[in-house]
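Beneath this line is the structure, given in structure tokens, with notes to follow.
The figures that follow rest on heavy atoms only: side chains count, while hydrogens, waters and symmetry mates do not. A, B, ... follow the sequence lines: proteins, then strands. Residue 1 opens every chain.
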Amino acid sequence: MVALDKAETDVRDGVDRETVEAVNAMAGKYKHGWETDIETEYAPKGLSEDIVRLISEKNGEPEWMTDWRLQAYRRWLQLDEPRWAMLHYPEIDYQDQYYYAKPKSMSGKPKSLDEVDPKLLATYAKLGIPLKEQMILAGVDGAEAAPAEGRRVAVDAVFDSVSVGTTFKAELMKAGVIFMPISEAIREYPDLVKKYLGSVVPASDNYFATLNSAVFSDGSFVYIPEGVRCPMELSTYFRINAENTGQFERTLIIAEKGSYVSYLEGCTAPKRDIAQLHAAVVEIVIMEDAEVKYSTVQNWYPGDEEGRGGIYNFVTKRADCRGDRSKVMWTQVETGSAITWKYPSCILRGDDSQGEFYSIAIANNMQQADTGTKMIHLGKNTRSRIVSKGISAGKAQNTYRGLVSVHPKAKNSRNYTQCDSLLIGDKCGAHTVPYIEVKNNSSRVEHEATTSKVDDDQLFYCRSRGMDEEEAVALVVNGFCKEVLQALPMEFAMEAQSLVAISLEGSVG
Amino acid sequence: MLEIKNLHVKLEEEDKVILKGVNLTVETGKVHAIMGPNGSGKSTLSYVLSGRDGYTVTAGSAKLDGQELLEMEPEARAAAGLFLAFQYPVEIPGVGNMTFLRTAVNAQRKARGEEEMSAGEFLKVIREQAKTLKIDADMLKRPVNVGFSGGEKKRNEILQMAMLEPKMCILDETDSGLDVDAMKLVAEGVNALRSEGRSFLVITHYQRLLDHIKPDVVHIMADGRIVKTGGPELALEVENNGYADILAEVL
């Protein structure tokens, strides 16, 4: 750890300062709490076979896909919502939601920037998407040819239920990488989708994943062919805009033998008094010697201080390390949502495969988070590492729930789990629920856990050097999270640091 | 510079009175030392001046260049030019020493309405200052005080002092836990910072630190009051005869 610190400090020095600036600049506001007034086309409220058929039809899907959805829907009807998590929320009325909403301006592709709904462009600008990418996202002809400024990250933006555009598609295609909305992939690459969709998270997996399988309207599809190192980072921005609308996106990533990709996911939503439902599924298939890094900065609207509104975030994310020596790394910064129910998992099927999970979960005010991971060791010599940093403030409840399961054939496997909780104030809670099952005697599992409070001495020390209380808290908490922040790609690390600071505002004093 | 008048302080949670009317004036550019037996209130005085929670001021005032310190937040006192070198510097895991210092320097500058220090300038200045204190690059990158030896922690406090350029420095038992060489190094660091516009209040148990940091005035504190004030010879008297004689004389 010390070695890492040395290597990273030079780069990170500037970042902490940015955090502090960000806190000051944004003083107490949920940064992404604006709503874009865009004409939206809705499917009727509620859920039925007809709605499922309608979503499928809107996406121009083949019959097999419609049948797949319908099967999932029928299965869902027989399932009960899980209640084992340490989460308390009012009954969700699944018939009182819209399952499909689409910005009207996306119905026909614009030919130039003038034809694009300026409000949609403004939305992208607020999300911090560079102009060239905004043009591409808006589908403007020739935009891809324009020179890019600054960073090169391919972006897929999902607005309410619909992918509104993907950047750098052509350039990625040259490398053989397919990065497109999953709705398009279903039409253009039906064989690939058919082969892998539901192969990691089956349609019948759990209540929320099954619901997603029935009604998902879009999401991202990524295919990295054998031996290809994806030439740029891929990124998806999800945003819920329309009211009373559930967002159900589906992401499918396939990394063939010896390939590599780093994938980033960012989420925001406007402020609403009424809770909104979000149930996503991410499936990752990783073949021999391939590696996937999946990073999330989740900043859905968390609700207000009294717990009104906010996103109910029920997400199933799973990576299947199918090939020998394959590797997956999940990194998540969870600062938003009123309710978080999320356990990105690794199935370590191939021999010598590796799974890593780095997590920062922050719950402030009335937020509740029940999050963690599952490491399923099936192959020989498989290794997993879990580093979880939970921060609770206000009246929030934060639970780490993690499973490490080592199967009989997973000889010589190893797991290391470090699970740290930090409490700010005396009205919040931190809970750690580890499940460990080891079914052979050559494997080794280590679990370390700590719980601490933000120390008054630390805060006074910072303040006596001139920092105000919020700067001091941000600094101490970012220090607490450092190991995880270091696991994020640079650009996300900066965003995450400021998010950490912002989401803890008002938590002291 | 610093003017403390009739300062009465009790613990916030208990009815224990610690300071019972402290009067003390430190002139600009002077070095004052406070000596005294355990429990006389020396450390409490330093904490109250810098604004730590847990104390209630029941009477009196403490002004820095005419500004009432006791009404200010700790960070405002720092921005006004007050610095406390801690007896027990606090560890902040995961936060690089350099990051910490730059955040502090710029927070103070911002509070005073000054331009922030650029990364390049900061790096240049900190490297120079670190050299004087024999602080290597590695120590600048390590998390604040984590795994530092006693000597490293105290040197790090002096480095912070050098970077923050305060006008009133309080050193709370900076010599405690240091061997002779480490103490010399710290004292050299302090002496290098002595200037016409900067005052020091050096709190210590022992004369030996004052061999290296020569004070202009020495105060003896006992039972929450300054009971005797004199020149450097007063410290020698304590060293030779202990506190008993002086206390017997004044109480």
Original post:
Do the charged groups of B/Lys10 and B/Asp15 touch, with an N to O distance under 4.0 Å?
Top reply: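 Judged by the 4.0 Å cut-off on N to carboxylate O distance, B/Lys10 and B/Asp15 do form a salt bridge.
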Original post:
Does B/Glu115 pair with B/Arg109 as a salt bridge, N-O distance under 4.0 Å?
Top reply: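 No.
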Original post:
Please, which pairs that meet side-chain hydrogen bond (donor to acceptor under 3.5 Å, both in side chains) have at least one residue in residues 156-168 of chain B, sequence neighbours excluded?
Top reply: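 As it turns out, the side-chain hydrogen bond (donor to acceptor under 3.5 Å, both in side chains) pairs with a partner in residues 156-168 of chain B, which skip direct neighbours, are A/Tyr461-B/Glu157, A/Tyr461-B/Gln160, A/Arg465-B/Glu157, A/Arg465-B/Gln160, B/Asp65-B/Lys167, B/Asn97-B/Asn156, B/Asn145-B/Asn156.
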Original post:
Which one of A/Gly479, A/Cys481, A/Cys462 has the most heavy-atom pairs closer than 4.5 Å to chain B?
Top reply: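 The candidate making the most pairs under 4.5 Å is A/Gly479.
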Can you say whether [X] sits under 4.5 Å from chain A via the side chain, the backbone, both, or neither, judging by heavy atoms?
| X | value |
| --- | --- |
| B/Arg77 | neither |
| B/Val144 | side chain |
| B/Ile92 | both |

Original post:
Mind checking whether A/Tyr294 and A/Phe357 have ring centres under 6.0 Å apart?
Top reply: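 Here the rings of A/Phe357 and A/Tyr294 have centres that are no less than 6.0 Å from each other.
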